Undergrad: 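Below: one structure in C-alpha cells.
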Amino acid sequence: MTKKTAITEQVIQQANDLRQQINHHNYCYYVLDQPEVPDAEYDRVFRKLEDLEKKYPELVTPDSPTQRVGAAPLKEFGQVQHSIPMLSLANVFNEDELQGFGKRIASLLDINDPEEISFVAEPKLDGLAISIRYENGIYRQAATRGDGVVGEDVTQNVRTIKSLPLNLIGKNYPAILEVRGEVYMPKKGFYLLNKRQQEAGGKTFANPRNAAAGSLRQLDPTVTVTRPLALFCYGIGDVQGGVLPDSQSAILEQLKSWGLRVCPEVQRVKGVGGCLKYFQSVNARREQLEYEIDGVVYKVDRLVEQEKLGFVSRAPRWAIAHKFPAQEALSIIKGIDVQVGRTGILTPVARLEPVDVGGVTVTNATLHNQDEIERLDVRVGDSVVIYRAGDVIPKVASVVKERRPKRTRLFHMPSHCPECGSDVMRAEGEVAARCSGGLVCPAQRKEAIKHFNSRRAMDLDGVGDKLVDQLVEKGLINDAADQYGLNKQQLAALERMAEKSADNVLQALEKSKSTTLARFIFALGIRDVGEATAQNLAMHYGTLETIMNADEDDLQTVQDIGPIVANHIVRFFSQKHNRDVIQKLMKAGIHWPEIDVVSAPVDSNFLDKTVVITGALASMSRDELKDKLQALGAKVTGSVSKKTDFLIVGADPGSKYEKAQKLGVEVLDEETALTYINHSLRG
DNA sequence: GCTCCTCGAGTTCT
DNA sequence: CTCGAGGAGC
C-alpha cells in the first residue's frame, strides 16, 4: 500500500475548493471580463490542482477545469440530432424591408402600430452557431448547426473555450438545458493567430470566421485549445425540468446568472424605430468592437408573441437579421487591362462585372503587378472574391478555382507598352515593369502633367485630369509648360467648354504661377523625389539654379538623399528636354518667394517633433492640419513608430491608433491638438 | 550587412 | 492604406 492512493476526505475537499476557485476566476475573467486576481495567482491555483490530480488520478472528474483538453484526437466527428431544430434567420438589407417586417408582425399580432412592439436587439456575430447541452448543470455536449436538424459533435473542442462554463453556477437551472450561441474568434486573437501561423510557416486564415470554423473543426482538441475562441449565448433550445422566464430579455438575464456569457451589446428596444437607432449605433461602432459582425438581429421580446407569430418554413417569423451591406462579394473578371503611370510603371487592372461591395458599385480593382497576379493566380473569366477592408479600395481577395471556366490563359505583362509601343523593362530584383518610352509615351506625358497640376504640387485647380487628356490628345500641349501658352480661343473650342469655363481655366493658370520652390521641384516629377525630398532640396539649396547645378556627391549631403536619388536628380536635369521645359515655365512667369535659408526656427510645442495624423478630422482637412504643423516646425509622417512624438486622432481611427498605444506614443485628440497649436501660435 | 524607418507611388468611387 | 524600396543608423 502506497501513500499515494490514500485519498482522504480532506484531499477531496481541497480539490473541490481549488476547482471552485478556478471556475470562479474563469467566470470573472472570460465571462464578466473583470478579473479579480492577477494572472500569476490564477496560474498558481491551477497548477496546484494539476499537481493534486496528478498525485491522485482518481480525483479527476470530467468537468474539472484541468480537463478542457481531455480526450484523444478523433477520427471523425459524430453526428448529433438537434431535439429542437436550429433555425436560420430571414434577412433584411435596408430600412424599407425592415419597416415591412414590422408591419407584417404587427398585423399578425393584431397590433396597430409596429412601434408598440418590444424587441431585443443584438449584434449578429460572424462566427458559428452552436448548441450546448447541460445536464444537471454540467456541460455534456456541443454540436454545430449543420443543416439545422443534424449537426456535428464538437463537444471536445467547445470544451476548450475558456468563456464556456463547464458547470453552471447558481441553483435553479433546469435539469436539461440546451443553450444556443455563437462561437467566434475575436479580431485581436485572429490577428495574433495569423501572425503565429505565418511565422511558423503554416497557412493563414482569410478572416476570423474561417479561423473560428477551422479551429472548431479540428479533430485534435490540443490544437483547438491554442486557438483564441470565444462564445456568446443568445438563446435556448431544449429545456426540461425547469421553467424559464417569459421574455427573451429575461431569459438572457437568466443565462447570465447561470454563468453563461451574453454579448454586452444586447439591448431591449421599442419598435422598428428603436431597431433602426440600434442598428445605426452598432454600425458606427462596428470597427471598435472586438469581434466581427455582419449585421444585427432583432427578436420579438415577449414569448407569447413569439408563439403567436410562429414559423415560416425554416425561419422564425418573430426574428430578423438586419445585415450590413456586404463587405465581400463575388464577381467575374471580364478582362485585365494595363495602365501606364507617370513613372512608366505598368499596372494591370482587373475589369470586373459590376458588383456591390459595402454599398458601392465596384468595376475595377488593381492587380498591382505580375507577382501579385501569379500569387493569386487570376485569369480572365475567373470568379473572384472582392472585398473592401478597413480602407475604401476594393481588392481581389481570392479566386474561386472551382468556378474557373475551361481553357483560361495565364496573364503576362506585355513586352511592349500598350500606349506607345516602347519596350517594357523589368529591372532585376524589382517588382515593377516599366515602359522605357519616357516622355515619348503619351500616357507618361499625360500623367506627368497631371502630377504637375495636382494639389500638393502646383495646385492648378482648373485643369483637371479630363482636360489634360483632351489637350494632349489634340496635340495642344506636350508638356506642363505648354499649358501656360494656351489661349482662350483654343480652350473654348474644346468639348464641354464655353467661354466662361475657358476664362476660369486661364485664371487658374495665372494663379498657379505663384508658388514655392519646394512645390515646383515636387511638380517636376523627378523619380524618387516626392514632397519631403523636394522640401529638403529647397531648404538646403535655396534656389533652383544651385539644385540644377549640384553634382551627385553634393546632393548626397542633403538629408535623405543617397546615391540612387542623387543620380536620378542629376540625370533629370542633364536632359535637354527637361531643361527646356523648366526654361519655358520660368518664362511663363512661374515665381516663388526667395528662401531665407537661415529662417529662424519657430518656438513651439511641435518644433522638431514627429507627428502622425489618423482618422477623420472635424474642423479641417488633414492637409490643412499638416501645413499648420509643419509651419510650427513639426515633421508630419505617415506611419507610427517609436520615433513618433504625437499621434493626432480624429474620428474612426485605424490601426495606427492601436500601434501608438502599443508603443506608448502620446495620443492627442483633435481638440487638444488644436489647443496646442493655437498656444504655439501665440507663443 | 542587417534592420528599422520613411518616403514615394499607386489606387477607387462619389 | 499598403507595399516596395531607398536611406540611415548600428
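The sequence lines fix the lettering, A, B, ..., with proteins before strands; numbering per chain opens at 1. Remember, it's a predicted structure, so these values are computed and weren't measured experimentally.
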Undergrad: Hey, does the side chain of A/Gln559 come within less than 4.0 Å of B/dT6's phosphate (OP1/OP2), counting only N and O?
TA: no

Undergrad: Rounded to the nearest angstrom, tell me the gap between atom CG in A/Leu555 and atom P in C/dA8.
TA: 12 Å

Undergrad: Nearest whole angstrom, please: distance from the C1' of B/dT6 to the NZ of A/Lys626.
TA: 12 Å

Undergrad: Are OP1 or OP2 of B/dA9 and a side-chain N or O of A/Arg342 less than 4.0 angstrom apart?
TA: yes

Undergrad: Where the side chain of A/Pro563 is concerned, which of C/dG7, B/dT6, B/dT12 is the nearest nucleotide?
TA: C/dG7

Undergrad: Would you indicate which nucleotide in B/dC7, C/dG7, B/dC5 comes nearest to any side-chain atom of A/Ile564?
TA: C/dG7

Undergrad: If each of A/Val362 and A/Ile345 is mapped to the nucleotide of DNA chain B with the nearest heavy atom, which maps nearer the 5' terminus, i.e. the 5' end?
TA: A/Ile345

Undergrad: So if I apply the side chain to side chain contact (heavy atoms under 4.5 Å, CB included) rule between A/Lys446 and each of A/Asp469, A/Val340, A/Ile477, which one comes out positive?
TA: A/Asp469

Undergrad: With a 4.5 Å limit on heavy-atom distance, are the side chains of A/Phe411 and A/Gln370 in contact?
TA: yes

Undergrad: How close do A/Pro405 and A/Thr408 get, counting heavy atoms only, and between which atoms?
TA: O-CG2, 3.4 Å

Undergrad: Ignoring the backbone of A/Lys643, work out which of C/dG6, B/dT6, B/dC7 is nearest its side chain.
TA: B/dT6

Undergrad: Quick one: which of B/dC7, C/dC1, B/dC4 gets closest to the side chain of A/Asp560?
TA: B/dC7

Undergrad: Which of these passes side chain to side chain contact (heavy atoms under 4.5 Å, CB included) with A/Ile648: A/Ile677, A/Leu629, A/Asp669, A/Leu674?
TA: A/Leu629

Undergrad: Looking at A/Thr361, does any N or O in its side chain come under 4.0 Å of the phosphate oxygens OP1/OP2 on B/dC13?
TA: no

Undergrad: Check the distance between C/dG9's C1' and A/Ile561's CD1 and give it to me in whole angstrom.
TA: 18 Å

Undergrad: Can you tell me if A/Lys395 touches the phosphate of B/dT11, counting only side-chain N or O atoms and a distance under 4.0 Å to OP1 or OP2?
TA: no

Undergrad: Closer than 4.0 angstrom, basic N to acidic O: yes or no for A/Asp479 and A/Lys584?
TA: yes

Undergrad: Quick one: on DNA chain C, does A/His568 or A/Ile613 contact a more 5' nucleotide (nearest heavy atom)?
TA: A/Ile613

Undergrad: Please give, in whole Å, the distance from B/dC4 P to A/Lys642 NZ?
TA: 7 Å

Undergrad: Please tell me which of A/Arg527 and A/His368 maps to the more 5' nucleotide of DNA chain C, matching each residue to the nucleotide holding its nearest heavy atom.
TA: A/His368

Undergrad: Rounded to whole Å, please give me the gap between CZ in A/Arg434 and P in B/dA9.
TA: 9 Å

Undergrad: From CG of A/Asn567 over to C1' of C/dG6, roughly how many Å is that when rounded to an integer?
TA: 13 Å

Undergrad: Quick check on B/dC13: is either OP1 or OP2 less than 4.0 Å from any side-chain nitrogen or oxygen of A/Thr363?
TA: yes

Undergrad: Answer yes or no: is there an ion pair linking A/Arg351 with A/Asp337, defined by an N-O contact shorter than 4.0 Å?
TA: yes

Undergrad: For the side chain of A/Thr366, starting at C-beta, report the closest nucleotide among B/dT11, C/dG7, C/dA5.
TA: B/dT11

Undergrad: Among C/dA5, B/dT12, C/dG6, which is the nearest nucleotide to the side chain of A/Val349?
TA: B/dT12

Undergrad: Using only side-chain N and O atoms of A/Asn364, determine if any of them is under 4.0 Å from OP1 or OP2 of B/dT11.
TA: no

Undergrad: Quick one: A/Glu531 CD to B/dG10 P, roughly how many Å, whole number?
TA: 15 Å

Undergrad: When the distance from CD1 of A/Ile569 to P of C/dG7 is rounded to whole Å, what number comes out?
TA: 9 Å

Undergrad: Would you say A/Thr343 places a side-chain N or O within less than 4.0 Å of OP1 or OP2 belonging to B/dG8?
TA: no

